[in-house]
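Here's the structure we're looking at; comments come further down.
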Amino acid sequence: MDPTSTIFSFLSVLLFGSTTNFNHDFPSESCHFPAIFNFGASNSDTGGYAAAFIQLQSPNGNTFFGMPAGRFCDGRLIVDFTAESLDLPFLSSYLNSLAINFSHGADFATATSTIRLPMADVVPYGHASPFYLPLQYLQFAQFKNRSQIIRRHGKRNICKSNAKALYTFDIGQNDLTQSLFLNMTIVQVIAAIPDIVNHFSDIIKNLYDLGARSFWVYNTRPLGCFPKILISFPLAEKDSVGCAKPYNLLAQRFNAELKNALARLRIEFPLATIVYVDLYSALYSLYTHPTKNGFEHPLVACCGYGGKYNYSEEAICGGKISVNGKNITVGSCKDPSVRVSWDGVHFTEAANKFAFDLVSSGDFSDPPIPLKLACHPR
């Protein structure tokens, strides 16, 4: 028997084994989060990678900001919609030296970041970010200590309350994909997942020790539906909607481990609100029912060039390529608002908004707590 199939045979048990029956009668009063502290990678990076390394080029950012805004997207990310829904301004990246206001939190995410120490070469020798999750935690710890000193000197443009803030996490995807692109087999990547998740749990514990109490944790996305994965592994078995089945199962395996780990943390820290958010399922519905949800061509990149999926490693969004001896800029499709994939790896603003509207309701969460009630322990 194929060892991959053997391992995946346990997936359904892992996915549902830790589900608990929770009381759905929540307090009616919404939380008043004064700030958001976000930890993650490119899906929630509001300018960290651009500030530290490489500026993004148009058409990134054009849909909403009218210019590149440090986001790997045509517009807003899920973390931006989170801030808007809580009546908070967009988060400034901690690494952005030109950011002048951290009164409502900070974003520690940088593109290509991992939970564990990156296996791939880091910038400038490779593409991986050195700001893996433990370093993001250390940045937050420094931010917390220095903000207290700054406030004692009368400065008001720094966050006052870390304990009442919302702590959001969108990381783990690169731990899987970096391993795959280093020629590890799916079975080898699966074997590393428990250690990856244990490292993530340690960060939650460390943040709890620093006073954090409200945790909103996204699982990883359907990797097998990414144009980059479909191009890189063309022989992979496809599911009914055309996604690479083994790589979606890999993402599901990671998500199952993460879900169980967060369930254990809720037992260990009963005074905290620790919510597992099933972003995978929300986004996968865009592949199963694109037309119903107002989208088209979900497997084709909007900003790219070439081939069935409009994606090539040599033609990154906003970059320059030579076509028939002529240099051209890799640009956007005509209407990003009806597309799912932005650049072959990241999602469009429209897809981000669709997913946020679903998951913020609590219907895709364990326990099923809406975002605005995520300060109430369950």
Side-chain angles (χ1 to χ4, degrees), residues 42-44 46 58-69 71-86 90 168 170 173 216 218-231 238-245 247-248 251-252 255 277-305 307-311 317-318 330-365 368 370-372:
S42 56
N43 288 308
S44 61
T46 59
S58 177
N60 287 292
N62 283 2
T63 294
F64 182 80
F65 300 99
M67 59 182 291
R71 292 155 171 81
F72 290 79
C73 181
D74 61 308
R76 289 164 291 181
L77 308 174
I78 287 176
V79 68
D80 294 316
F81 292 115
T82 302
E84 287 184 335
S85 73
L86 299 177
F90 294 149
T168 58
D170 193 345
Q173 176 177 308
W216 187 261
Y218 292 108
N219 66 8
T220 204
R221 293 157 173 77
L223 304 178
C225 302
F226 292 4
K228 180 181 175 74
I229 293 293
L230 292 166
I231 288 292
K238 303 300 190 295
D239 65 13
S240 61
V241 297
C243 299
K245 187 174 181 180
Y247 300 96
N248 273 353
Q252 290 174 31
N255 292 341
V277 186
D278 187 8
L279 191 58
Y280 178 105
S281 294
L283 286 169
Y284 191 66
S285 66
L286 291 178
Y287 300 98
T288 56
H289 300 96
T291 303
K292 175 183 175 182
N293 293 311
F295 290 83
E296 62 186 27
H297 310 305
L299 298 177
V300 179
C302 173
C303 187
Y305 185 87
K308 180 179 179 180
Y309 303 107
N310 196 40
Y311 178 82
C317 182
V330 179
S332 171
C333 59
K334 183 177 180 180
D335 187 4
S337 70
V338 296
R339 302 296 286 273
V340 175
S341 176
W342 170 239
D343 58 6
V345 178
H346 308 98
F347 290 83
T348 61
E349 176 183 274
N352 288 331
K353 178 64 163 62
F354 173 87
F356 174 77
D357 287 344
L358 287 183
V359 300
S360 61
S361 69
D363 292 340
F364 287 76
S365 299
L371 173 65
K372 292 186 178 182

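Contact of the Asn43 side chain with the Ile78 side chain is not registered, since no non-hydrogen atoms from C-beta on lie closer than 4.5 Å. Between Phe354 and Leu286 the shortest side-chain heavy-atom distance falls below 4.5 Å. Looking at heavy atoms from C-beta onward, Leu283 lies in side-chain contact with Pro222 at the 4.5 angstrom threshold. Here the side chains of Leu299 and Cys225 are in contact, with some heavy-atom distance below 4.5 Å. Residues Ser285 and Asn293 have side chains in contact (heavy-atom distance under 4.5 Å, counting atoms from C-beta outward). In this structure, Phe65 and Asn60 have side chains that are not in contact, with every pair of non-hydrogen atoms separated by 4.5 Å or more. Side-chain contact between Asp170 and Arg221: present, with at least one pair of heavy atoms (C-beta onward) separated by less than 4.5 Å. Arg71 is listed as a side-chain neighbour of Asp80, based on a closest heavy-atom distance under 4.5 Å.
Nearest heavy atom pair, residue Asn352 against residue Cys73, reads ND2-SG, 3.7 Å. Minimum heavy-atom separation, Asn248 to Cys243: ND2-CB, 3.6 Å. Counting all heavy atoms, side chain and backbone alike, Leu371 lies closest to Ser85 at CD2-OG, 3.5 Å. Between Pro68 and Ser58, the shortest heavy-atom distance links the atoms CG-N, 3.4 Å. A pairwise comparison of heavy atoms in Tyr280 and Asn219 identifies N-OD1, 2.9 Å as the closest pair. Looking at every heavy atom in both residues, Val79 comes nearest to Ser44 through CG1-O, 3.9 Å.
Taking 4.0 Å as the cut-off between side-chain N and carboxylate O, Asp357 and Lys353 count as a salt-bridged pair.
Counted within 6.0 Å of NZ on Lys238, heavy atoms from surrounding residues, nucleotides or ligands total more than 12; the atom is thus considered enclosed.
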So Tyr218 and Val359, side-chain contact (heavy atoms from CB on, under 4.5 Å) or not? Walk me through it.
CA-CA 9 Å; Tyr218 292 108; Val359 300; 4.0 Å; yes

Test side-chain contact (heavy atoms from CB on, under 4.5 Å) applied to Gln173 and Val345, step by step:
CA-CA 11 Å; Gln173 176 177 308; Val345 178; 4.1 Å; yes

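Not less than 2.5 angstrom separates the SG atom of Cys303 from that of Cys333.
The aromatic rings of His346 and Phe72 sit tilted relative to each other, their planes meeting at an angle between 30° and 60°. Using bins of under 30°, 30° to 60° and over 60° for the plane-to-plane angle, the ring pair Tyr287/Tyr284 lands in the tilted bin.
With rounding to the nearest 0.5 angstrom, the CD atom of Glu84 is 4.0 Å from the CZ atom of Phe90. The CD atom of Glu349 sits 10.5 Å away from the CH2 atom of Trp342 when rounded to the nearest 0.5 Å. The distance from atom NE2 of His297 to atom SG of Cys302, rounded to the nearest 0.5 Å, is 11.0 Å. Rounding to the nearest 0.5 Å places OH of Tyr247 at 7.0 Å from CD1 of Ile229. Atom CG in Leu358 sits 8.0 Å away from atom OG in Ser360 (nearest 0.5 Å). Here the NZ atom belonging to Lys228 is positioned 12.0 Å from the CG atom belonging to Leu223, to the nearest 0.5 angstrom.
Side-chain N or O atoms of Asp74 include none that pairs as donor or acceptor with a backbone N or O of Asn62 at under 3.5 Å. The main-chain N or O of Ala251 is never found under 3.5 Å from a side-chain atom of Thr220 such that the two would form a donor-acceptor pair.
At least one cation-pi condition fails for Arg76 and Phe356: the charged atom is not both under 6.0 angstrom from the six-membered ring centre and inside a 45 degree cone around its axis.
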